[in-house]
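As structure tokens, the structure follows; a few thoughts come after it.
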Amino acid sequence: QVQPVESGGGLVQAGESLSLSCKAFGRLFSTYAFGWFRQAPGKEREFVAAITWSTGNTYYASSVKGRFTISRDNAKNTVYLQMNNLKPEDTAVYYCAVQRSPIVTRRENEHAYWGQGTQVTVSP
């Protein structure tokens, strides 16, 4: 059992940066991968970025590539999402999720463990 806990959300203006953290409580295996998803009001939850726990391979949605960076600190059981040049359309609740497979997928139902989410609001 793994429990991800997100932190770092907040209110920023367009063009500013924000960093999210996801600390995972429980045992992590090298075959796991972490994903960040987000859900804006009135919209479906969507994939943002992912990273494999052992190799650190990264994957991004086209809407955030070049602006967001996902990274991990294995010693701290923590994954980060650095968000630069934020836009109002990035406003959403951001969720951290754990996948029990090193083959990254963007499908929500492939992620076994989910955090409660953290709100990110970007004003114009």
Would you please test M83 and V120 for side-chain contact (heavy atoms from CB on, under 4.5 Å) and show each step?
-> CA-CA 10 Å; M83 305 183 293; V120 172; 3.9 Å; yes

Report the C-alpha distance between W114 and F37 in whole Å, list the side-chain angles of each, state the deciding distance to 0.1 Å, and finish with yes or no for side-chain contact (heavy atoms from CB on, under 4.5 Å).
-> CA-CA 10 Å; W114 289 81; F37 291 77; 3.6 Å; yes

Could you give me the CA-CA distance, side-chain angles and deciding distance for Q82 and S17, then say whether side-chain contact (heavy atoms from CB on, under 4.5 Å) is met?
-> CA-CA 7 Å; Q82 176 65 38; S17 299; 3.8 Å; yes

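Note that K23 lies in the cation-pi zone of F25, set by a 6.0 Å cut-off to the ring centre and a 45° limit from the axis.
For the atom pair OG1 of T69 and CG of L81, the computed distance is 8.0 Å after rounding to the nearest 0.5 Å. Rounding to the nearest 0.5 Å places OG of S63 at 7.5 Å from CZ of F68. Note: Y80 OH to I51 CD1 = 11.0 Å, rounded to the nearest 0.5 Å. The CH2 atom of W36 sits 5.0 Å away from the SG atom of C96 when rounded to the nearest 0.5 Å. Distance CZ/R72 to SG/C22: 14.0 Å, rounded to 0.5 Å.
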Without placing hydrogens or testing angles, list every side-chain donor-acceptor pair under 3.5 Å for residues 39-47, not counting sequence neighbours.
from : atom 1 : to   : atom 2 : distance (Å)
Q39  : NE2    : K43  : O      : 3.1
R45  : NE     : E108 : OE1    : 3.0
R45  : NH2    : E108 : OE1    : 3.0
E46  : OE2    : R38  : NE     : 2.7
E46  : OE2    : R38  : NH2    : 3.2

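Formation of a donor-acceptor pair under 3.5 Å by the Y60 side chain with backbone atoms of I70 is found in this model. Judged by distance alone, with hydrogens and angles left aside, the side-chain atoms of T31 form no donor-acceptor pair with the main-chain N or O of P102 at under 3.5 Å. Using a distance-only test at 3.5 Å, with no hydrogens or angles considered, no donor-acceptor pair links the side chain of S101 to the main chain of Q99. Distance alone, capped at 3.5 Å, places no donor-acceptor pair between the T55 side chain and the T52 backbone. When atom types are taken as modelled, the side chain of R100 and the backbone of Y32 share no donor-acceptor pair closer than 3.5 angstrom. Listed for the Q3 side chain is no donor-acceptor partner under 3.5 Å among the backbone atoms of A24. At distances below 3.5 Å, not a single donor-acceptor pair connects side-chain atoms of R106 with backbone N or O atoms of V48.
Side-chain N/O atoms of T78 and D73 include no donor and acceptor closer than 3.5 Å. Counted by atom type alone, T121 and Q119 present one or more donor-acceptor pairs between their side chains at under 3.5 Å.
Linking Ile, Leu, Val, Met, Phe, Trp and Tyr whenever their side-chain heavy atoms come within less than 4.5 Å leaves V93 and F34 in two separate clusters. Hydrophobic clustering, with ILVMFWY side chains joined whenever heavy atoms are under 4.5 angstrom apart, groups F29 together with W53.
The two residues P4 and V98 make their nearest non-hydrogen contact at CG-CG2, 3.9 Å. Nearest approach of T105 to E110, heavy atoms of both residues: CG2-CB, 3.2 Å.
The neighbour count for E16 CD, taken as heavy atoms of other residues, nucleotides or ligands under 6.0 Å away, is above 12.
Annotation: side chain of K87 is in contact with side chain of R67 (closest heavy-atom distance under 4.5 Å). No side-chain heavy atom of Y95 sits under 4.5 Å from any side-chain heavy atom of T118. Contact of the N57 side chain with the V104 side chain is not registered, since no non-hydrogen atoms from C-beta on lie closer than 4.5 Å.
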